[in-house]
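The next block holds one structure in the form of structure tokens; read it before the comments.
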Amino acid sequence: MFELKDKYAIITGASGGIGAATAFAFAREGAGGIIIADIDRKRAEGAAGVITGETGVRCEFVETNIGNSEDIKKLFKKSLDYFGRLDILVNCAGICNTFQVEEIDEKQWDRLMSINLKGTYLCCREAYEIMKKQGSGKIVNISSVSGRVGGFATGIDYATSKGAIITMTMSFAKVAGPFGINVNAVAPGFIDTEMTKAFTYFNPETIPLRRAGKPEDVADVITFLASDKSRYITGVTLDVNGGQYMG
Ligand SMILES: NC(=O)c1ccc[n+]([C@@H]2O[C@H](COP(=O)([O-])OP(=O)(O)OC[C@H]3O[C@@H](n4cnc5c(N)ncnc54)[C@H](O)[C@@H]3O)[C@@H](O)[C@H]2O)c1
């Protein structure tokens, strides 16, 4: 309990699924304040309201399109206006698809990369600038099992973005380490969220732990990486997949 006491966090893509479960977990661990940055106003405002209502922790929504660099700049400025500091960034915002390669044209490729990859990079950069001055900070990125082994049913663009996030995490960890900033990632397997509703073919019995993951299964690992318990871990991508892939 209270692993994140008085820590201030931005979580992108936290209107539901893994991001919202992470925001809840942070609030339960005593976070000082949380910002949910998301494109879905209705769902995100709902999540922020429930978190504050149930835990008493201040949770603010900042409408943000992670595919838009101006929105990202405003997000980080607003977070400092709200809380005056930034201890944790979780880059959870992402889009997924089940497109065949014939459907992934240049426009589709650029759209997905601008959210999943460029958006994650720009958020890391903004957080790095703030945390560098503070001399501490934790950044957690969200990769995927598809970034480890290629997409199962997901598009090549999605799997590529998630593979690149593993490399970006290692690279950022090297740059940020000397300033007391840990940069890590999680690579979830099949997690039961809005994103995977279309994946009806999937049989959880094929997973060694015999069930699909829950958002909380991932949120707990993100919380560990955001806390001081993981202080000597950086540049690592932790697999949270029930044994679906063992590296
Ligand atoms: N569910 C899984 O099985 C699984 C597996 C591996 C990785 N992931 C990754 O986990 C993360 C969270 O996904 P989830 O499963 O919780 O699904 P989700 O759809 O509930 O969450 C995605 C979130 O990102 C937000 N979002 C989408 N586009 C955005 C944009 N342009 N700007 C800001 N926010 C945007 C959505 O509104 C939503 O809140 C994603 O990065 C996803 O790729 C999920």
Side-chain angles (χ1 to χ4, degrees), residues 10-25 34-48 51 61-76 89-98 110-124 140-155 157-166 168-169 185-202 204 207 211-219 221-222 237-242 244-245:
I10 293 178
I11 308 174
T12 72
S15 73
I18 296 167
T22 302
F24 257 110
I34 299 162
I35 287 175
I36 290 181
D38 205 285
I39 201 165
D40 186 336
R41 168 173 283 277
K42 200 166 163 227
R43 202 162 80 128
E45 276 183 341
I51 289 167
F61 164 62
V62 178
E63 192 163 359
T64 314
N65 177 0
I66 291 298
N68 180 312
S69 56
E70 286 307 313
D71 272 18
I72 291 175
K73 277 199 195 100
K74 280 186 209 149
L75 163 67
F76 282 82
L89 166 68
V90 182
N91 282 306
C92 216
I95 53 171
C96 184
N97 65 62
T98 54
D110 286 347
R111 177 167 177 267
L112 185 135
M113 289 298 169
S114 78
I115 297 167
N116 287 17
L117 190 55
K118 190 169 80 177
T120 297
Y121 170 68
L122 292 177
C123 286
C124 283
V140 185
N141 296 323
I142 315 297
S143 176
S144 163
V145 65
S146 68
R148 295 280 201 198
V149 299
F152 291 103
T154 52
D157 50 353
Y158 178 79
T160 304
S161 74
K162 294 300 185 180
I165 282 175
I166 296 174
M168 190 203 297
T169 299
V186 293
F190 186 91
I191 311 298
D192 198 2
T193 69
E194 211 48 50
M195 189 174 273
T196 48
K197 285 235 162 9
F199 293 51
T200 47
Y201 71 93
F202 187 77
I207 297 176
R211 66 171 176 86
K214 298 185 209 125
E216 293 73 20
D217 295 325
V218 185
V221 180
I222 296 173
T237 296
L238 293 180
D239 295 302
V240 189
N241 61 30
Q244 221 179 331
Y245 158 80

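In this chain, numbering begins with 1 at the start of the sequence shown. Each ligand, and each atom within it, is numbered from 1 in the order the structure gives.
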* **Heavy-atom gap T12 to ligand 1 smaller than 4.0 Å** => no

* Atom pair CG (L122) and CG (L117), whose distance is rounded to the nearest 0.5 Å -> 9.5 Å

* Taking only heavy atoms of D40, which atoms of ligand 1 are found under 4.0 Å from at least one of them? -> 37 (O)

* Structure fact -> Rounded to the nearest 0.5 angstrom, the OG1-CG distance for T12 and D71 is 12.5 Å

* Evaluation steps, side-chain contact (heavy atoms from CB on, under 4.5 Å), between T154 and K162 -> CA-CA 11 Å; T154 52; K162 294 300 185 180; over 6 Å; no

* Structure fact -> Check: of I11, I165, I18, min heavy-atom distance to atom 44 (C) of ligand 1 comes from I18

* Would S15 and F61 satisfy side-chain contact (heavy atoms from CB on, under 4.5 Å), going step by step from the backbone distance to the final call? -> CA-CA 9 Å; S15 73; F61 164 62; over 6 Å; no

* M195 and I18: side-chain contact (heavy atoms from CB on, under 4.5 Å), yes or no, with the steps? -> CA-CA 10 Å; M195 189 174 273; I18 296 167; over 6 Å; no

* Show which atoms of ligand 1 fall inside a sub-4.0 Å distance from at least one heavy-atom site of G13. => 23 (C), 24 (O), 25 (C), 39 (O)

* To do: Number the atoms of ligand 1 from 1 as they appear, then name those within less than 4.0 Å of a heavy atom of F190, with their elements.
  => 3 (O)

* To do: List the closest protein heavy-atom neighbour of atom 6 (C) of ligand 1: residue, atom name, distance to the nearest 0.1 Å.
  => P188 O, 3.4 Å

* What atoms of ligand 1 come closer than 4.0 angstrom to any heavy atom of S143? -> 6 (C), 7 (C)

* Structure fact -> heavy-atom search around atom 12 (C) of ligand 1 in the protein gives C92 O, 3.5 Å

* Going by distance alone, is a donor N or O of one side chain under 3.5 Å from an acceptor N or O of the other, for N141 and T169? -> yes

* So is A212 in contact with ligand 1, going by heavy-atom distances below 4.0 Å? -> no

* Asked: Is atom NZ of K42 surrounded by more than 12 heavy atoms (other residues, nucleotides or ligands) closer than 6.0 Å?
  -> no

* To do: For I95, counting its heavy atoms only, list the atoms of ligand 1 lying under 4.0 Å from any of them.
  => 27 (C), 28 (N)

* Asked: Should one rank N116, V240, T196 by closest heavy-atom distance to atom 2 (C) of ligand 1, which comes out on top?
  -> T196

* Structure fact -> For atom 5 (C) of ligand 1, the closest protein heavy atom turns out to be G189 O, 3.1 Å

* Can you pull out the closest protein heavy atom to atom 26 (N) of ligand 1? Residue, atom name and distance to 0.1 Å, please. => I39 CG2, 4.1 Å

* Asked: Numbering the atoms of ligand 1 from 1, which are under 4.0 Å from a heavy atom of G17?
  -> 16 (O), 20 (O)

* Protein heavy atom at shortest distance from atom 43 (O) of ligand 1 -> Y158 OH, 2.6 Å

* Asked: Just which atoms of ligand 1 are under 4.0 Å from any heavy atom in I115?
  -> 31 (N)

* Between I66 and ligand 1, find which residue part has any heavy-atom pair under 4.0 Å and reply side chain, backbone, both or neither. => both

* Pairwise distance OG1(T193) to CZ(F199) - rounded to 0.5 angstrom -> 9.0 Å

* Counting heavy atoms only, which part of P215 comes closer than 4.0 Å to ligand 1: side chain, backbone, both or neither? -> neither

* If you round to the nearest 0.5 Å, how far is OG1 of T237 from CD1 of I142? -> 10.0 Å

* atom 37 (O) of ligand 1 [closest protein heavy-atom partner, distance rounded to 0.1 Å] -> D38 OD1, 2.6 Å

* **L112 vs S161, side-chain contact (heavy atoms from CB on, under 4.5 Å): CA-CA, chis, key distance, verdict** => CA-CA 8 Å; L112 185 135; S161 74; 3.7 Å; yes

* Asked: Who's closest to atom 33 (C) of ligand 1 heavy-atom-wise, of V145, D71, T64?
  -> T64

* Asked: Relative to the heavy atoms of S144, which atoms of ligand 1 are at a distance of less than 4.0 Å?
  -> 6 (C), 7 (C)

* Asked: For F190 and Q244, which heavy atoms make the closest approach, and how far apart are they?
  -> N-OE1, 3.0 Å

* May I ask you to check whether N65 has an N/O atom sitting below 3.5 Å from an N/O atom of ligand 1? => yes

* Asked: Nearest to atom 14 (P) of ligand 1, what protein heavy atom do you find, and at what distance?
  -> T193 OG1, 3.5 Å

* Any N or O of I191 that comes nearer than 3.5 Å to an N or O of ligand 1? -> yes

* Asked: Rounded to the nearest 0.5 Å, how far does CG of L75 lie from OG of S69?
  -> 12.5 Å

* Structure fact -> When rounded to the nearest 0.5 Å, the distance separating CD1 of I36 from CD of E63 is 13.0 Å

* **Carboxylate-amine/guanidinium proximity below 4.0 Å for R43 and D38** => no

* Considering only heavy atoms, which of R43, R111, K197 lies nearest to atom 18 (P) of ligand 1? -> R43

* Asked: Can you tell if the side chain of N97 reaches within under 4.5 Å of the side chain of I95, non-hydrogen atoms only?
  -> no

* Give the residue, atom name and distance (to 0.1 Å) of the protein heavy atom nearest atom 9 (C) of ligand 1. => I142 CG2, 3.7 Å

